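What follows is a single structure, written as structure tokens, with notes after it.
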2 protein chains.
Amino acid sequence: MRIDDDRLSGSSGPGAARGATGRTRRIAPTSKDVARVAGVSQSTVSYVMSGKRPISERTRRLVLDAIEELTYEPHAGARALAGRRTNVIGLMVPFHTADAASGLMAFAEEIAVVARAHDHDVLMLTAAEGPSGLARVERRAMCDAVIAMEIATEDPRAELARELTMPVILIGVPARHEGLHCVDFDFESAAQLLVDELADAGCREVAVLGWAQERAALGINYIPRFRERAAARAAERGVRLRWVSTSHDRAGVETYLDAVLGAGEPPGLLALHSPHDLGAALQQRGLVPGRDLDLVSLCTDDDAEVQPVPPTAVSPQPRDVSRLAMTWLLELLDNGNDTPAELRLVEARLTRRGSVRRPG
Amino acid sequence: MRIDDDRLSGSSGPGAARGATGRTRRIAPTSKDVARVAGVSQSTVSYVMSGKRPISERTRRLVLDAIEELTYEPHAGARALAGRRTNVIGLMVPFHTADAASGLMAFAEEIAVVARAHDHDVLMLTAAEGPSGLARVERRAMCDAVIAMEIATEDPRAELARELTMPVILIGVPARHEGLHCVDFDFESAAQLLVDELADAGCREVAVLGWAQERAALGINYIPRFRERAAARAAERGVRLRWVSTSHDRAGVETYLDAVLGAGEPPGLLALHSPHDLGAALQQRGLVPGRDLDLVSLCTDDDAEVQPVPPTAVSPQPRDVSRLAMTWLLELLDNGNDTPAELRLVEARLTRRGSVRRPG
DNA sequence: GATCGTCGTCGATGCGCATCGACGCTGACG
DNA sequence: CGTCAGCGTCGATGCGCATCGACGACGATC
């Protein structure tokens, strides 16, 4: 079926450019074209698409058929202009952290997929633009809402979020988050779960393979949050916690093991990173978690499963976080952004894989 | 300075919503507001911003001051509607490949940064949408051009790209790419460089640690491209090439080494993946590249540098590829998309790091 | 001093859609 | 058979900007 099919006494069809502007270009059909083909008015086409007024079944069919015939899709700019709604979600991504790249991709993908499922698109913003990037997309009316990832403890974007008219969801927990919509993984209960698991196994000493210093220095706030809760819980359970900050490569792991494995009973190990090198290093030393020592980890399930001895672990699920963020955001868009601001955390769950000796 | 400052006998300023639509909302200032404050007409404001007509210095200053005072930014939808230009680039990302996640992020970041530097934004599309995703953004006029990443040999998006009016740049080389704008890393000359390097060192046998089967099965076309050129070059140089496909984890690497390291002189090693585990495995066996055997790799410089013995390598630079793609795209947008379609490859360069024994 | 060209500015128009008020038409009910 | 209340559709309008034609002012030219 040709696109420039004309049913009524119309002007030139949408298939050709109006006027003599050089060669014939394909022009996208408009709702007026649809109306002409369906034999109704343009406003009726609009109401069929939005459902904001009752339309008879007969007319509906006529219009929908015309839409399909012309493969019509509404012009995003015109819709944004007239409807004050872009159907675009801004996503501010922290590129610099090559570290968490795979988690980041999973996060972004989930956002994109959920957005598309609700007929929205995703505009990719970089954290490098900072708060002015957020202000810009709002003033230009480029999106209806924004999700900003990896919010630091002191983050100017968090302050600006208060000024904006559009909904903003922050991934992370800034220092003063009253009046802000924040989502994050529950690192505090993760800390508690992991410490408890080792304490239950009878560990009195726990050596933590911590995040690298440079990462902590970025103000990534889940690190102190995890750390403080772990310390508090360890104190409650009568466990001595020892933090060992080192790099995460093989050499760093070796340093860590050298430092914590003296003579006598080895301490419980708590690994706060992808346990790849740790598993190999332990294997090389003939140490089997669950047999010779106790090991828990904070790592994704995927990472855990590929270990020589998959560790009992709590997995920060980027997909869960992004799904929660998107669900909330869509809710805010529907309700006109008057849902109370608060902090929503994704529940931490421990998966036991036998890297901890169970008493009894 | 209040935002609703009024210079002329105007109606209500832009600071408050018109009419009695409930509470007073902040409304973004329009070019008409700027015109009123500057004491000129709206069209003059437009011409100041676009520079498409000469404007006296005095008027320019008045307008620019008003723009700054109101923190005016043009409404993206209105601009797209009137100007037939969105200043948005679509980027279709292949999320599923968790494999190359870090390279993917680097690619996307570079796209975003270059786009912003030219006052463009980036709309993130998922490969899951397939060709219809491309058609959709064109018909809805959501972007001016698209970059589609990781194009397979037989890719429906490549076929659709021919039909589209807007410029499309494909990252990868589909089977029939006449009339398409394609960009990729030059895997063929990379193959040649790597084979030559080993041949020059006197290797008569080369064992290739290849890409995993499942990856090759996706139709990622650079694999056969690399493979064929490597085979051809090896034949020219009198080198016997032996492909060993295995997984890329530590176990797979061990299998590989077991398979290729018999008695006698070890073959040259060509590693087509992140050489992390390979370096550790060699180290454990007491084998030092550059002393006991010859090793070259196709891996990023970052990956190479963190090895126990950094290998001589060719690095596929995602940033170079994306920069080339963006440069070309902006050129296409300026020229009205009449630049001839062709295939542009990013030059492969070999970095010597002493993992190959140099004769003489 | 009249004419012409150029520069700088303005008013009007249209982009494609959503929305509002108006209105004709149908069926139910008195 | 007349009246009335929806239901379903239409025409008109405006969203904010880019662009076109028109035109006034000014200096140069004869």
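These numbers come from the heavy atoms of this one structure, side chains and all, not from hydrogens, waters or symmetry mates. It should be emphasised that the depicted structure is a prediction, and the values quoted were computed from it without experimental measurement. Within every chain, numbering begins at 1; the chains are lettered A, B, ... in the order of the sequence lines, protein sequences first and strands thereafter.
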- [ ] Tell me which of A:Arg60 and A:Ala82 sits closer to the 5' end of DNA chain D, going by the nucleotide each one is nearest to.
- [x]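 Taking each residue's closest nucleotide, the earlier one in sequence belongs to A:Arg60.
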
TODO: On DNA chain D, check which nucleotide each of B:Arg79 and A:Ile55 is closest to and give me the residue with the more 5' one.
DONE: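 The residue whose closest nucleotide sits nearer the 5' end is A:Ile55.
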
Given [options], which nucleotide is nearest the side-chain atoms of [X]?
{"X": "B:Lys52", "options": "C:dG11, D:dT19, C:dG8", "result": "D:dT19"}
{"X": "B:Thr44", "options": "C:dC10, D:dG11, D:dA18", "result": "C:dC10"}
{"X": "B:Pro54", "options": "C:dG8, D:dG16, C:dC17", "result": "C:dG8"}
{"X": "B:Val40", "options": "C:dC10, D:dG8, D:dG16", "result": "C:dC10"}
{"X": "A:Tyr47", "options": "C:dC17, C:dT19, C:dC7", "result": "C:dT19"}
{"X": "A:Gln42", "options": "D:dC20, C:dT19, D:dG11", "result": "C:dT19"}
{"X": "B:Arg53", "options": "D:dC10, C:dC17, C:dC10", "result": "C:dC10"}
{"X": "A:Ser31", "options": "C:dC17, C:dG11, C:dA18", "result": "C:dC17"}

Quick check: does any side chain N or O of [X] sit under 3.5 Å from a backbone N or O of [Y], one acting as donor and the other as acceptor?
{"X": "B:Glu138", "Y": "B:Thr165", "answer": "yes"}
{"X": "B:Arg139", "Y": "A:Thr71", "answer": "yes"}
{"X": "A:Asp121", "Y": "A:Val88", "answer": "no"}
{"X": "B:Asp33", "Y": "B:Thr30", "answer": "yes"}
{"X": "B:Asn87", "Y": "B:Asp119", "answer": "yes"}

Starting from [atom2] on [N], measure out to [atom1] on [X] and report it in whole angstrom.
{"X": "B:Met142", "N": "C:dC17", "atom1": "CE", "atom2": "C1'", "result": "15 Å"}
{"X": "A:Glu73", "N": "C:dC17", "atom1": "CD", "atom2": "P", "result": "11 Å"}
{"X": "A:Glu57", "N": "D:dC7", "atom1": "CD", "atom2": "P", "result": "16 Å"}
{"X": "A:Leu70", "N": "C:dC17", "atom1": "CG", "atom2": "C1'", "result": "16 Å"}
{"X": "A:Asp33", "N": "C:dC15", "atom1": "CG", "atom2": "C1'", "result": "13 Å"}
{"X": "A:Leu81", "N": "C:dG14", "atom1": "CG", "atom2": "P", "result": "16 Å"}
{"X": "A:Arg139", "N": "D:dG16", "atom1": "CZ", "atom2": "P", "result": "16 Å"}
{"X": "B:Lys32", "N": "C:dT13", "atom1": "NZ", "atom2": "P", "result": "15 Å"}

Open item on the list: For B:Arg58 and A:Pro74, find the nucleotide of DNA chain C closest to each by heavy atoms; which residue's nucleotide sits nearer the 5' end?
Closed with: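 The 5'-side residue here is B:Arg58.
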
Task: Below 4.0 Å: OP1/OP2 of C:dA18 and any side-chain N or O of A:Ser46 - done: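 A:Ser46 to C:dA18 OP1/OP2: side-chain N or O found under 4.0 Å.
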
- [ ] Check whether any side-chain nitrogen or oxygen of A:Ser41 sits under 4.0 Å from OP1 or OP2 of D:dC10, and answer yes or no.
- [x]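 True: A:Ser41 side-chain N/O within range (under 4.0 Å) of D:dC10 OP1/OP2.
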
Open item on the list: Any donor-acceptor pair, under 3.5 Å, between the side chain of A:Ser43 and the base of D:dG11, if you only look at N and O atoms?
Closed with: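 Yes.
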
Task: Sugar-phosphate only, base, or nothing, as touched by B:Ser56 at under 4.0 Å among non-hydrogen atoms - done: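 Since only primed, P, OP1 and OP2 atoms lie under 4.0 Å of B:Ser56, the category is sugar-phosphate.
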
Open item on the list: Is it true that, when you exclude B:Glu68 itself, more than 12 heavy atoms of the residues, nucleotides or ligands shown sit nearer than 6.0 Å to its CD?
Closed with: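 No, not enclosed.
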
